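What follows is a single structure, written as structure tokens, with notes after it.
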Amino acid sequence: MANPFPRPVAIARWLLFVAALVFIMVVVGGITRLTESGLSITQWKPITGAIPPLTHDQWMEAFRLYQQIPEYQQINRGMSLADFQFIFFWEWLHRLLGRLIGMAFALPLAWFAWKRAIPAGYGGRLVALLALGGLQGAIGWWMVKSGLSLRTDVSHYRLAVHLLTALFIIGGLVWTALDLLALSRNGRAHPARLRPLALVALLALFVQLMLGAFTAGLDAGYVSNTWPLMNDHLVPEGISWLGSLWATVSSDPYLVHFLHRWWAWGAALALILLARQAKRAGQRAPSIAINATLGTQIILGIATVLSGIALPLAVLHQAVGALLVASAAWGAHAIGVRRI
């Protein structure tokens, strides 16, 4: 039986607001990574951890816990309390945003459910997005744990899972909001389908984003600050065989950097084709969004390399990457709309 009081427009706007919050969290996550702040909080306290240290003694206890991990002992030994407070702030803000996003999703979802305002067929999808958000919190701690005992940084594999999950959530929120907006315009509208071209474009983008996460986690961006050649070579010197093809492709900094800068063009071609198809489907706005974010992202990627990974440019590169995901989801949805 259909819900008597569906509110697809209100729910769509709420989902887009949550997507904007997740975008902000991705940006703050980039700052956290680039400032090497991610391991500053060595405990996971989902409730009480929302309150930062308030007294000198509490700050000294948090600092003492940080001093026990390899990152401090091998890299930051002698760090001042003020420097620790700086990196602590970014990790604390990143986690606080995660808590706020959870509340911004769970509470309105409960309210819409109580009001029976969720259109038929969308309740399960919204619950799945909520569960994925909760899982993302656990993934974040799983990532941090990888850097607390034997390593001086987090696993780049776990970093990639954490980032890609956040970007998948953004895409899922945007896609669902677009489905609901279509439903508000036509009560008989069906959810959009993922067309083959869209799937290829999104998979190409996924690979590029994964390589970008590997590049960040391995600090592979620092191995070359020249473009288009890498230290005067097309294929850089310094690539080492790490025992298997996957290990080498995913863990050698020179090769990962090389793949990230050149796979970008294959992903760009696939996204341009997606944009053209969206325009042919009568959806000019997502086509413009894809082309604009794609061009900006390529320019930012090159500028970031040439700058030696300047923090503002690197943060913008991650931010526009998230916008590109949202734009690609918009374009994929545009060509997947089923005509009635």
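Keep in mind that what you see is a predicted model, and the values were worked out from it rather than measured.
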Can you tell me how the ring of Trp175 sits relative to the ring of His333, calling it parallel under 30°, perpendicular over 60° and tilted otherwise? perpendicular

Just list the side-chain donor-acceptor pairs under 3.5 Å for residues 236-246, sequence neighbours left out, or say none.
| unit_1 | atom_1 | unit_2 | atom_2 | d |
| --- | --- | --- | --- | --- |
| Glu237 | OE2 | His233 | NE2 | 3.4 |
| Ser244 | OG | Ala247 | N | 3.1 |

So, does [X] use its side chain to make a donor-acceptor pair with the main chain of [Y] at under 3.5 Å?
X      : Y      : value
His257 : Ala220 : yes
Thr293 : Leu323 : no
Glu71  : Arg151 : no
Thr176 : Leu173 : no
Ser146 : Ser155 : yes
Glu91  : Thr32  : no
Arg95  : Ile41  : yes
Asn291 : Ser287 : yes
Trp263 : Ala204 : yes

With a 6.0 Å cut-off on the ring centroids, do Phe214 and Tyr157 count as close? yes

Straight-line distance of [X] [atom1] to [Y] [atom2], nearest 0.5 Å:
X      : Y      : atom1 : atom2 : result
Leu311 : Ile31  : CG    : CD1   : 6.5 Å
Met210 : Leu203 : CE    : CG    : 10.5 Å
Ile11  : Leu109 : CD1   : CG    : 8.5 Å

Treat each ILVMFWY residue as a node, draw an edge where side-chain heavy atoms are under 4.5 Å apart, and state whether [X] and [Y] are in one component.
X      : Y      : result
Leu183 : Leu15  : yes
Val320 : Leu306 : no
Leu274 : Phe206 : yes
Trp262 : Leu209 : yes

Any heavy-atom pair between the side chains of His260 and Gln208 that's under 4.5 Å? yes

Closest contact, heavy atoms only, [X] versus [Y]:
X      : Y      : answer
Met143 : Leu159 : SD-CA, 3.6 Å
Ala322 : Phe23  : CB-CD1, 3.7 Å
Ala303 : Leu313 : O-CD1, 3.7 Å
Leu316 : Gln297 : O-OE1, 4.5 Å
Val337 : Ala192 : N-CB, 3.9 Å
Leu194 : Ala332 : CD1-CB, 4.4 Å

Less than 3.5 Å apart, any donor N or O on the side chain of Asp179 or His190 sitting next to an acceptor on the other? no

[X], [atom1]: over 12 other non-hydrogen atoms inside 6.0 angstrom:
X      : atom1 : answer
Leu150 : CG    : no
Ile51  : CD1   : no
Trp141 : CH2   : yes
Phe89  : CZ    : yes
Leu107 : CG    : yes

Please, which pairs that meet salt bridge (Lys or Arg N to Asp or Glu O under 4.0 Å) have at least one residue in residues 268-286, sequence neighbours excluded? none

So Arg33 and Gln318, side chain to side chain donor-acceptor pair (under 3.5 Å) or not? Walk me through it. CA-CA 11 Å; Arg33 173 181 54 79; Gln318 181 155 318; 3.1 Å; yes

Single hit among Tyr66, Tyr72, Trp90 for ring-ring contact (aromatic ring centres under 6.0 Å, His included) with Phe84: Tyr66

